[in-house]
Each structure stands twice: as C-alpha cells, then as structure tokens.
Protein chains: 2
Amino acid sequence: MVFKQDSLKLIDQRKLPSEVQYFQADDYREVKFAISDMVVRGAPAIGATAAYGVYLAALEYSTLEKEEFIQEVTRASEELKRARPTAVNLAWAIRKMNELIYQNREKAVKQIVRLLREGAEEIAKEDVKINKKMARHGNRLIPEEAGILTHCNTGALATVGYGTALGVIREAHRSGKDIQVYADETRPRLQGARLTAFELVEEEIPATLIVDSAAATLIRDGKIDLILVGADRVAANGDTANKIGTYNLSALADIHEVPFYVVAPTSTIDFEVENGDEIEIEERAEEEVKGIQEVQIAPEAVNVYNPAFDVSPAENISGIVTEKGIARPPLEESLQKLGGYSKI
Amino acid sequence: MVFKQDSLKLIDQRKLPSEVQYFQADDYREVKFAISDMVVRGAPAIGATAAYGVYLAALEYSTLEKEEFIQEVTRASEELKRARPTAVNLAWAIRKMNELIYQNREKAVKQIVRLLREGAEEIAKEDVKINKKMARHGNRLIPEEAGILTHCNTGALATVGYGTALGVIREAHRSGKDIQVYADETRPRLQGARLTAFELVEEEIPATLIVDSAAATLIRDGKIDLILVGADRVAANGDTANKIGTYNLSALADIHEVPFYVVAPTSTIDFEVENGDEIEIEERAEEEVKGIQEVQIAPEAVNVYNPAFDVSPAENISGIVTEKGIARPPLEESLQKLGGYSKI
C-alpha cells in the first residue's frame, strides 16, 4: 500500500500470484470498489485503505463551504463503510477519520483536509507497529519446533505490513524456530493458495499447501501443534468472525485439544456487539463458488450459498493475541481488561 | 458405462460439466489409465470398469496357450489393481474375475474368455440392483422434510447407475419427500461441483452448492438434518475411508448430534482390514491442488500434501446402509452379521 501524490497504489490481490499488478485509486469511489471487489482484503488493510478513502473524499469536496464539505465527506464515509459489512476495522477506521473532522470542525476546510491526510497516514503507520507488537506477543506461544495450521491470508497483504497470524509465523521463523506451516487454500477466493503460499515461499518459510477439507485429518494425525488465524470482528464475549472455514477449524481444534489462537489488533474488537450472533455475515456472489477465475466448475443452474465468514465461539478459542497482550479465557473478562484501541 | 463390441465407453468425468465427452477404452491398459486418471471414479464404478478391464486383457491374450493366458491375465489384473489403492471395490471386482478363471481353468481359453465377459456384465448389472436396494433401505432414514448434506459424488456417475448416497437422495426425492440437498464442492477434484451438482440439476432435485469449509457452519446453524456419504473402503470395525473431507464432516456431525450415514454396498466392506489405520490412503499429484484445470492458483514452489481420502472412525457413524440392510452401532457386530457380498 503506497499513498503518494493523492493516489493510493494497491497490489491487486485478485491477480496474485500469477500476475503482480497494481491498482490505482484516485478517488473514494475507486477506493470503495477496491474494497468491495477485494482488490485489497484483510481486515487491517481494509481499515487503512478506507481511511485514505475518507481523505480522498475530503480532498474532492475541499472547495465546498464547510457545512456542505462535512455533509459530503460524511456521506462518502457511509458509502465506504458499506463496501463490506463484516470486517469491523473498516467501520473503525472510518469512525476515527470522522472523529477527526468533528474534533476540528472549527478549523478551516483546508486544514481539516490536511489533518485527515495525516490521520490516514497515522492509521497505516500504526498498523505496522501494532502487527510487530502482536508478532512478538504471539511468538511466545510457538514451541521451538511446531506444525502450525493457518487459514486464509493474514500476512503483509492483509495488513499494511507484516501481518497478524502470519506476522506471528514470520516472527517465529525469524527467531530461528523450526516451524512447518500448513496453509489452507481457503476456497472460494483461494487466499491461502494465492497469497499465503506466495508470502511463505517468498520468505522461505517451510510451508505445505492443503485443500481446506484436509486440515481435519492433519489435526487428527497429530501434525498440528497449534492453529493461528486472523479475525474480521471479535465480539465482546470473544466470539470471533473470520473467513469461512474458521469455525470448522476451531471445532476440530477443540475435539483434538490443539490450541487455537486468534491474532487480531484491538481495533478488531467490537465491544458494541455482545456475541457472535449479532455479527452480520456477508454473503458474496454465487460466481465465486461456481467458477475459479475464468474456469466454470459447476452447472450454471445450481443454487449457491456463499457466506464469506463464520463465527468461532469463544469456548473454542485458546487465546486472542492483540498488540496489548494475549487475552486468555474467560475471554469476556480479559478482553474487557485489555480495553479497546489506543495508540501505542 | 456402455460395453459394446469389446470396447468400454465411459463418460469422461474429468471434463464434466463443461463438456460431455466419451472416453473409449479398447484394452486393459486404457482401462487402467481411465481409473488412475479419474476418467471414471467412484468405488462401485471403478469396480465394474476394472472387471471389463480383466475381460479385455483375457480377450487380448486369448490366442495364447492356457497356462500363458492365465499368467498374462493375472499379471494384467495385478496392474489394474494398482491403478488406485484405496477403493476396495477395485480389488474386489478383480478378485471376482480371477476366481472365475480359476473355477473354470479346466475349460477352453475361448470359453473362459466368454465367461469373463459374462462375469463383468454381471458385476455391472448387479451394481444397479444393489444401488436400488440401498436406496430403498436408506430412504427409511430420511424425514418427510430434510436438509441433507453430501460430499463428493456418489451418484450415477460414481456407480454403474443410480448411485449410493446420491441413490438414497434420488429415492427420497422420487418418493415425494421435501428435501434440500447441500453439496460440498469437494476440492481438489471438485466432484461435488462438477458431478453431484450436475446430477441434481438434471433431476431437478433442490440443491445448493457450497465450498467444503462452509459445511461446518451450516451444520451448526441447524440446516442439516442428516449427512449421507459413500465409501471407498469400510474396515471390519466400521471405520470408513472416503473422499478427503469426510472425516471432517463426521466429526462435526458428532459435535452437533446430526446423524451421519455411510451408504455402501457390502462389496466395499473389507473384513481383512481390522480398522481404519490399516487402510492405505492414496496421495495424488500436487497439481490437483496447485491448479484447477488450466488455471494455476498457487506458486509453483510451494509444497503440497494431497491425500485423496481420510478415515471416519466408526464411533462417528450412525449407520452403514448396504443392500442387505442398515448396519447400526456397534458396527463391528452388525457388519459381521450382515456378512460380505453375495448376489441378490
């Protein structure tokens, strides 16, 4: 993610790993498209991207009178927020940006625009710092020798840099631990095969790719010492929404007594949501399941159910690694103690 | 599957549903290729196909002296048996055919060849009869209104006709029950998306396609009243090898107390194998996971683990539907009581 000359340059994750192409967003509408079409994905990356989107909207409306300016930026912010419903970092980043406007509404429009630019940059920079903190906390959980299962992509591509669950894996590898990573391919969008495998190969971290449904038998065979996943939203009680398939892994982990950890910044905790039942789960297009890139793999006439996320109940979760430390069960209490986001 | 003029015509299941092409096998080597490359798949279909393969080998060597003839056909049978290691119906059908040779070894080669042809036809015809019996037994398990989850393809394409688990579903639909079938797409070969969805749409049975990792959340949400799967090999104690991902479903079924049934002819029961640990699990090529048809979906450099099957433990299985009736727990006892294959 590079922001230069009022333009956001994103690696187009839809095209990886076969092509490394960049997507350029010059206004908030293009930012919104980048989020909804998954040019960019991963809760923290979406958050930072949306923050730049709010700034681009502010820039666009900066010639208006202040009242109108605020109205338009607020409207654009709402539009951006609707780009994807489950990842709370999106709403969180937009709220942060809107707070900046209201805190500075006495200032001149030009000044507010400048402050928004700094705010977006701050969110992006903070994300990398937060990831590195999580990586260090999380690395304490990794044995000297370990088989680690992960799902979806939680790496540098899903964040501004370094990664959440994959950040911990990176840190464990860098600290010299003998790890073997098993990456679920993560249908339908194949973030595991396309993105996680790509990042692991690039960094020469020993990795094995599997189809999602092979994870259960690996867990049962004792090849997995712990499971590390990211999160799109964590409810106040610790229930965690993450990429479809995560609940499945948490249930298998529970049966086979394999530690199951969520790695997520405190900005992913939504204290306004009591438990997982209240989290809106995004349903995506049938085409994601019926085809893979240009290849049709199912009859056109069949119905498809394509939820993008599922919810892992708190009781299946061994801990939530945040930048402020590791929340342990009972999660409701320990999340409360950690508290929400504050700059580090 | 059509056998005419000493040639086996198979629907090429690698190409479905985008193309309906036929694969013609004129000798046992082509039959072997059809099995190992999954032109034909599904334990019962593989069995019948291999039986024709033995006949084609016999035909090829029918000009030899009897001793040599028997030697060559036995060798070709061994080759056919190695085409895929997990499905026991393959070994079973070949053993049946070889028994025919030995029972008739006093007869003229020409006569033996004729008997082998009849033997193969018998195996194919019996398979359809057996499936229909299983379908009727299995239909007793289906409520008047039911959400049914199935994995891989166990339909007319996996058998000589009608199907095992999908045969039961077909029967339930024909008998007027209000069923909704959820079909796992079944990575890596996508038999659910390509074949099961294709058969369900053709027969206008209400069906919804999902990615494999979405099944867990459907089960948890109470949308699934029972799970029906096929089998590639059932051990004497009831442990069942089936397409990768089946163990996962059986574990989820156990957690959420959803009935989990295996539908398999008695020819799939291997009384020589005490339990699932003794079943050889085929590992297939990395390319199945790294790509989908012509599309590369993962970096070339990443390792892949690609087991074709896994084992569901007997304790997760609510019953095994065979042509002789339904074996209920304790499965070891009830399978013993049902006994092995005998013509119906």
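In what follows, chains carry the letters A, B, and so on, assigned in the order in which the sequence lines appear, proteins first and then strands, with residues in each chain numbered from 1. What you see is a predicted model, and the numbers here were worked out from it, not measured in a lab.
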**Report entry** Euclidean distance, A:Ile244 CD1 relative to B:Ile210 CD1, rounded to 0.5 Å
**Finding:** 8.5 Å
Query raised in the report: Quick one: what part of B:Ile292 sits under 4.5 Å from any heavy atom of chain A, side chain, backbone, both or neither?
Result: both
**Report entry** Contacting moiety of B:Leu252, where chain A heavy atoms sit under 4.5 Å
**Finding:** side chain
Query raised in the report: With chain B, which of A:Ala301, A:Ala193, A:Pro17, A:Gly245 has the greatest number of heavy-atom pairs at distances under 4.5 Å?
Result: A:Ala193
Report summary line: From the list A:Leu200, A:Val311, A:Leu195, the residue making the most non-hydrogen contacts under 4.5 Å with chain B is A:Val311
Is there any N or O donor on one of chain B and chain A with an acceptor on the other under 3.5 Å, and could you list each such pair with its distance?
residue  : atom : partner  : partner atom : Å
B:Glu185 : OE1  : A:Arg187 : NE           : 3.2
B:Glu185 : OE1  : A:Arg187 : NH2          : 2.6
B:Glu185 : OE2  : A:Arg187 : NE           : 2.7
B:Arg187 : NE   : A:Glu185 : OE1          : 3.2
B:Arg187 : NE   : A:Glu185 : OE2          : 2.7
B:Arg187 : NH2  : A:Glu185 : OE1          : 2.6
B:Ala207 : O    : A:Asn303 : ND2          : 3.3
B:Leu209 : N    : A:Asn303 : O            : 2.7
B:Leu209 : O    : A:Tyr305 : N            : 3.1
B:Ser213 : OG   : A:Ile244 : O            : 3.4
B:Arg220 : NH1  : A:Val311 : O            : 2.6
B:Ile244 : O    : A:Ser213 : OG           : 3.4
B:Tyr247 : OH   : A:His256 : NE2          : 2.5
B:His256 : NE2  : A:Tyr247 : OH           : 2.5
B:Asn303 : O    : A:Leu209 : N            : 2.7
B:Asn303 : ND2  : A:Ala207 : O            : 3.3
B:Tyr305 : N    : A:Leu209 : O            : 3.1
B:Val311 : O    : A:Arg220 : NH1          : 2.5

Report summary line: Whatever's closer than 4.5 Å to a heavy atom in chain A on B:Val302 counts as both
Query raised in the report: Of the backbone (N, CA, C, O) and the side chain (C-beta and beyond), which part of B:Leu218 lies under 4.5 Å from a heavy atom of chain A, both, or neither?
Result: side chain
**Report entry** Side chain, backbone, both or neither of B:Pro299 within contact of chain A (heavy atoms, under 4.5 Å)
**Finding:** both
